[in-house]
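Naming: A, B, ... by sequence-line order, numbering from 1 per chain.
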2 protein chains.
Amino acid sequence: MVKSKKDQSPEEKILTAAKKVFLAKGMDGARMQDIADEAGINKALLHYYFRSKEKLFETIFLEVANAFVPKVIKLFEEDTTVFEKIEIFCREYINQIMQTPYVPIFILNEINKQPEAFLKKILTGRNIPVEKFLAQLQKEIKQKIIKPIEPVQLLLNVLSLCLFPFVARPMIQLITGMDKNSFMAVMEQRKKEVPKLIIESIKK
Amino acid sequence: MVKSKKDQSPEEKILTAAKKVFLAKGMDGARMQDIADEAGINKALLHYYFRSKEKLFETIFLEVANAFVPKVIKLFEEDTTVFEKIEIFCREYINQIMQTPYVPIFILNEINKQPEAFLKKILTGRNIPVEKFLAQLQKEIKQKIIKPIEPVQLLLNVLSLCLFPFVARPMIQLITGMDKNSFMAVMEQRKKEVPKLIIESIKK
DNA sequence: GAATGGTTAAAACATATGGTTAAATCAAAA
DNA sequence: TTTTGATTTAACCATATGTTTTAACCATTC
């Protein structure tokens, strides 16, 4: 059950509104007035709680970036096969993004536009522990369980297949004529299709 | 050989500058003054040649959209196997986007933000002739050359694997530490890797 | 209930920004 | 050379927009 607008503190109302507006319009397209209207408060209050548009955006960006980082990264430290990891990762990550389908295009676009300094400041201490998985990959390659493969290519394949449909959703819906529900049904299928495809491609 | 700035007509200078600025900052982030400065001309001249920011953007969007549509679509009407088509499409499309790596994120983002009316107006008469390919797909499935597959899943797979890395390039470079050259080298590899992966996954 | 300190809003402010105007410039035609 | 029409610019305009100010409001404390 989501808190109704009336139950929220002004600060919460602002954050909820800012998230909605920034996600829809991006940093440049968002207007402080839009956020105030959406929150049902005065524009000056935004500056009372968050000093500037930039500060408010920074707060939202951080929060939304969390919704973009796969929640299953601890998975990579578990004692399972590479195939199992891929299977679980794809299923869970697609599942996660289905709950927040506007997040990927927002994040990727802002990363593309914000100055690097801004990003470094925000995204510090967020590096995924990948060494263990790389070691396991090398091991299973040596054991001839999986074909030799460049880890970066595997990474690109997994992320591409999981995330791109959400990034391109408006275009895909435009050219195929699907509505939101049909699209989500296709993504539901992909929870199985994507890991199958990846695993088939590296299985020996 | 690219025309030097001095050789270009004012209109060409404006278009070149507008393309650069819009691609880098998007419709909302771009400033008419930036474009004027980049073109080395007065701001009023922008309005002399293109009535408004919206008109100028529309012109650029159309041009850039062309750089986003695969130049090899006629390929689908040729008399070759599905496998050959996939192979050529991936190789050529990745090749094409490597020449214009900023285009995908720009287009996808603007499609996400511009009102649908605007897009419909711009993107009319641009539908890829896909029926013939679909028929061929069905035929080769019946002939048991390829596995049964949802065409929309195949489409998503191909586009994802070809385009996503460019959309996510800043992020990928940020988390892997690659520079532009390393990234492009990886994409060079992908011209072979991607079609191989796709074909493996549907070959019977 | 007066005082206090945090909270909210209306209005004002400064600047940015898309767009316009009117004059200067320039090249080609007469 | 003069004229004419297109091109280019500087200055200006109106509005949008992020931010600040000032005062009203409101709950809590003394």
message = Please report the distance, rounded to the nearest Å, between CD1 in A:I41 and P in D:dC25.
response = 19 Å

Give me, pair by pair, the N or O atoms of the protein and of nucleotides 21-26 of chain C that are less than 3.5 Å apart, along with how far apart they are.
none

query = Between B:K25 and A:D28, is there a side-chain N and carboxylate O pair less than 4.0 Å apart?
reply = no

message = Show me the pairs that pass ring pair (Phe, Tyr, Trp, His ring centres under 6.0 Å) and involve residues 19-48 of chain A, at least two apart or across chains.
response = A:F22-A:F57

Find every protein N or O atom lying less than 3.5 Å from an N or O atom of nucleotides 16-18 of chain C, and list the pairs.
| residue | atom | partner | partner atom | Å |
| --- | --- | --- | --- | --- |
| C:dT17 | OP1 | B:R31 | NH1 | 2.8 |
| C:dG18 | OP1 | B:R31 | NE | 3.1 |
| C:dG18 | OP1 | B:K53 | NZ | 3.3 |
| C:dG18 | OP2 | B:M32 | N | 3.1 |
| C:dG18 | N7 | B:K43 | NZ | 3.1 |

request  = Can you run down the ring pair (Phe, Tyr, Trp, His ring centres under 6.0 Å) pairs that involve residues 68-94 of chain B, sequence neighbours left out, and say none if there aren't any?
outcome  = B:F76-B:F89, B:F76-B:F133, B:F89-B:Y93

ask   = Salt-bridged, A:R91 to A:E87, with N to O below 4.0 Å?
value = no

message = Going by side-chain contact (heavy atoms from CB on, under 4.5 Å), name the residues that satisfy it together with B:N181, two or more places apart in sequence or in a different chain.
response = B:D179

request  = Would you mind reading off the distance between A:I35 atom CD1 and D:dT17 atom C1', rounded to a whole angstrom?
outcome  = 12 Å

ask   = Between A:E92 and A:K71, is the closest basic N to carboxylate O distance under 4.0 Å?
value = no

query = Do NZ/NE/NH1/NH2 and the carboxylate oxygens of B:K121 and B:E58 come within less than 4.0 Å?
reply = yes

message = Any carboxylate oxygen within less than 4.0 angstrom of a Lys/Arg side-chain nitrogen, looking at B:E116 and B:K120?
response = yes

query = Does A:F164 have A:R169 sitting over its ring (NZ/CZ under 6.0 Å from centre, angle to axis within 45°)?
reply = no

Scan nucleotides 5-7 of chain C against the protein and return all N/O pairs shorter than 3.5 Å with their distances rounded to 0.1 Å.
| residue | atom | partner | partner atom | Å |
| --- | --- | --- | --- | --- |
| C:dT7 | OP2 | A:Y48 | OH | 2.9 |

